[in-house]
Engineer: 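Below is one structure. I have some questions about it.
All residue numbers in this chain count up from 1 along the given sequence.
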Amino acid sequence: MNGELRYVYAVTAPLEVPLPDDVRGVSGSVPYVVDHAGLQAVVSKVPEEEFGQEALHARLEDLGWLERTARAHQAVVDALTALTCPLPLRLATVYRDDDGVRRALAEGSQEFLATLDRLAGRVEWGVKVYAQRAPEPAPAAAPAPTSGREFLRRRRQEVTSRENALQEAEELGRALHAALTAQAEDVRVYPAQNPQLSQVPGQNLLNAAYLVPRERAEEFVGRVEQLGAHDPAVRVELTGPWAPYSFAASDAPDEQEGVHDSAVC
């Protein structure tokens, strides 16, 4: 196999300005646009020996390859997000040729156009709230317990203090989520992250995505900073602005892992 396939990053409305010349996609490829009936797919040519169906199945087990591909995919989507509201497609969405891409645009045109209209001028912000332990007092601040009863009393105080801190963090998380929901047009709440899997310190209390009009982004960020500051028991993480991954059902029609339109015409 020594041909070229088409890797698709996202679907957009017609771009008013082109992507910057220095944007590179997977395998260092240069993205370009495939047009069809008021829609554009942003694609690049990739080698069949790397992205053909059999090769792709094997590479999806390679974590290093996945990370490189995901970073390159995201770089193109980020560049698009600076210009418009793209509908990102799933990682490693590959078609045989430009005609295959056009067929996908034609088959999904109604859904693509409706979603682009709904999300036009909007971006996604991610917010996570973590409860974290306050700094411990200096060891010399309290004398050693003089009895078993005194030791147990101190242990109960420590447990109560931790429970109070967690309750305070939970209340702040609820207040922050309510305030941000009022400013957002749509919200997605995800399961809390497992700290053993995420390797992120603290107990994750809120893991949410918010759909926000671009013109209200500064106000939204300010609200996060206002409510999330000044409490050593709570850490608030804000990420974005992103393309609205959480709010766009933008996978290509009948998408399956591997190469689409794989029969050469």
Engineer: Provide the closest heavy-atom pair for A179 versus L227 in the form atom of the first, atom of the second, distance.
Structural biologist: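 Shortest heavy-atom separation between A179 and L227 comes out as CB-CD1, 3.6 Å.
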Engineer: Side chains of F51 and K45: closer than 4.5 Å at any heavy-atom pair?
Structural biologist: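 They are not in side-chain contact.
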Engineer: In terms of heavy-atom contacts, does CD of E215 have more than 12 from other residues, nucleotides or ligands at under 6.0 Å?
Structural biologist: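 Yes, the 6.0 Å shell around CD holds more than 12 heavy atoms from other groups.
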Engineer: Could you tell me which residues satisfy salt bridge (Lys or Arg N to Asp or Glu O under 4.0 Å) with E185, sequence neighbours excluded, listed by chain and number?
Structural biologist: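 For E185, the residues satisfying salt bridge (Lys or Arg N to Asp or Glu O under 4.0 Å) (neighbours in sequence not counted) are R122.
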Engineer: For the CZ atom of R102 and the CG atom of D97, what is their distance to the nearest 0.5 Å?
Structural biologist: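 Here the rounded value is 8.5 Å.
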Engineer: Decide yes or no on salt bridge (Lys or Arg N to Asp or Glu O under 4.0 Å) for R103 and E107, but give the supporting numbers first.
Structural biologist: CA-CA 6 Å; R103 283 192 290 272; E107 291 169 10; 5.8 Å; no
Engineer: At their closest point, which heavy atom of V33 faces which heavy atom of V42, and how far apart are they?
Structural biologist: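 Closest approach of V33 to V42: CG2-CG2, 4.4 Å.
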Engineer: State, yes or no, whether a side-chain contact exists between V221 and E218 at a heavy-atom distance under 4.5 Å.
Structural biologist: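 A side-chain contact under 4.5 Å is absent here.
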Engineer: Tell me the closest heavy-atom pair linking L119 and C85, and the distance in Å.
Structural biologist: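 Nearest pair, atom of L119 first, then C85: O-SG, 3.1 Å.
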Engineer: CD of E54 to CZ of R59: how many Å apart, nearest 0.5 Å?
Structural biologist: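 Here the interatomic distance stands at 13.0 Å.
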Engineer: Measuring only between side-chain heavy atoms, which start at C-beta, is R90 closer than 4.5 Å to H73?
Structural biologist: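 Heavy-atom side-chain distance check fails, nothing below 4.5 Å.
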Engineer: Is the backbone of G100 close enough, under 3.5 Å, to the side chain of D98 for a donor and an acceptor to pair up by distance?
Structural biologist: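 No, D98 side chain to G100 backbone: no donor-acceptor pair under 3.5 Å.
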Engineer: Quick check: closest heavy atoms across G173 and L206, and the distance to 0.1 Å?
Structural biologist: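 Shortest heavy-atom separation between G173 and L206 comes out as O-CD2, 4.1 Å.
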Engineer: Let me confirm one number: the CG-CG distance from D78 to L80, rounded to the nearest 0.5 Å.
Structural biologist: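 One gets 9.0 Å once the value is rounded to the nearest 0.5 Å.
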Engineer: Is there a side-chain contact between T81 and P241 (heavy atoms, below 4.5 Å)?
Structural biologist: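 Side-chain contact under 4.5 Å: no.
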Engineer: Please check this pair: side chain of T69 against backbone of L66, looking for a donor-acceptor N/O pair closer than 3.5 Å.
Structural biologist: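 The answer is no, because no donor-acceptor pair under 3.5 Å joins these two groups.
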Engineer: Looking at R223 and E219, is any side-chain nitrogen of the basic one under 4.0 Å from a carboxylate oxygen of the acidic one?
Structural biologist: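 Salt bridge between E219 and R223, a charged N being under 4.0 Å from a carboxylate O: no.
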Engineer: Might you work through the side-chain contact (heavy atoms from CB on, under 4.5 Å) test for V11 and Q40, ending with a clear yes or no?
Structural biologist: CA-CA 6 Å; V11 175; Q40 292 185 332; over 6 Å; no
Engineer: Tell me the side-chain hydrogen bond (donor to acceptor under 3.5 Å, both in side chains) pairs involving residues 9-21, sequence neighbours left out?
Structural biologist: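 Qualifying pairs: Y9-S44.
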Engineer: Between L238 and F220, does a side-chain contact (heavy atoms from CB on, under 4.5 Å) hold up when you go through it step by step?
Structural biologist: CA-CA 10 Å; L238 172 70; F220 183 87; 4.2 Å; yes
Engineer: Does the side chain of V77 come within less than 4.5 Å of Y245's, by heavy atoms?
Structural biologist: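 The answer is yes, as the side chains (C-beta and beyond) meet within the 4.5 Å cut-off.
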Engineer: In terms of hydrophobic clustering (I, L, V, M, F, W, Y; side-chain heavy atoms under 4.5 Å; direct or indirect links), are Y95 and V30 co-clustered?
Structural biologist: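 No; tracing contacts between hydrophobic side chains, which count when under 4.5 Å, never links both residues.
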Engineer: Should L116 and T84 count as side-chain neighbours, where that means a heavy-atom distance under 4.5 Å?
Structural biologist: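 The answer is no, as the side chains (C-beta and beyond) never meet within the 4.5 Å cut-off.
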Engineer: How long is the span from the CD atom in Q183 to the CG atom in L211, to the nearest 0.5 Å?
Structural biologist: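 Between atom CD of Q183 and atom CG of L211 there are 13.0 Å.
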Engineer: Mind checking what makes side chain to side chain donor-acceptor pair (under 3.5 Å) contact with W242, not counting sequence neighbours?
Structural biologist: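 With neighbours one apart ignored, the set is T239.
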Engineer: Taking all non-hydrogen atoms of both residues, which atom of P18 and which atom of L83 are closest, and how far apart?
Structural biologist: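 Closest approach of P18 to L83, heavy atoms only: O-CD1, 3.8 Å.
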Engineer: Does R188 have any side chain to side chain donor-acceptor pair (under 3.5 Å) partners at least two apart in sequence or in another chain, and if so, which?
Structural biologist: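 Partners of R188 under the side chain to side chain donor-acceptor pair (under 3.5 Å) test: D186.
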Engineer: Under 3.5 Å, is there a donor-acceptor pair between the side chain of N207 and the main chain of P191?
Structural biologist: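 Checked: pair present.
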Engineer: Please name the residue in the list V127, V187, L172, V129 that meets the side chain to side chain contact (heavy atoms under 4.5 Å, CB included) test with H177.
Structural biologist: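 So the option named by the test is V187.
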Engineer: Is there side-chain contact between E50 and W65, with heavy atoms separated by less than 4.5 Å?
Structural biologist: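 In contact.
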Engineer: With the side chain counted from C-beta on, respond yes when L89 and Y7 share a heavy-atom pair under 4.5 Å apart, and no when they do not.
Structural biologist: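 No - every pair of side-chain heavy atoms lies 4.5 Å or more apart.
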Engineer: Mind listing the closest non-hydrogen atom pair of P88 and A10 along with its distance?
Structural biologist: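 So the minimum-distance heavy-atom pair works out to CA-CB, 3.8 Å.
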Engineer: Applying side chain to side chain donor-acceptor pair (under 3.5 Å), can you list everything that pairs with Y190, at least two apart in sequence or on another chain?
Structural biologist: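 Expected list: S246.
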Engineer: Do W125 and F247 make the cut of ring centroids closer than 6.0 angstrom?
Structural biologist: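 No, ring centres 6.0 Å or more apart.
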Engineer: What pairs with D62 under side chain to side chain donor-acceptor pair (under 3.5 Å), at least two apart in sequence or on another chain?
Structural biologist: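 Not a single residue meets the side chain to side chain donor-acceptor pair (under 3.5 Å) criterion with D62.
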Engineer: Any luck finding a side-chain donor-acceptor pair between Y130 and Q193 under 3.5 Å?
Structural biologist: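 Result is yes, a qualifying pair exists.
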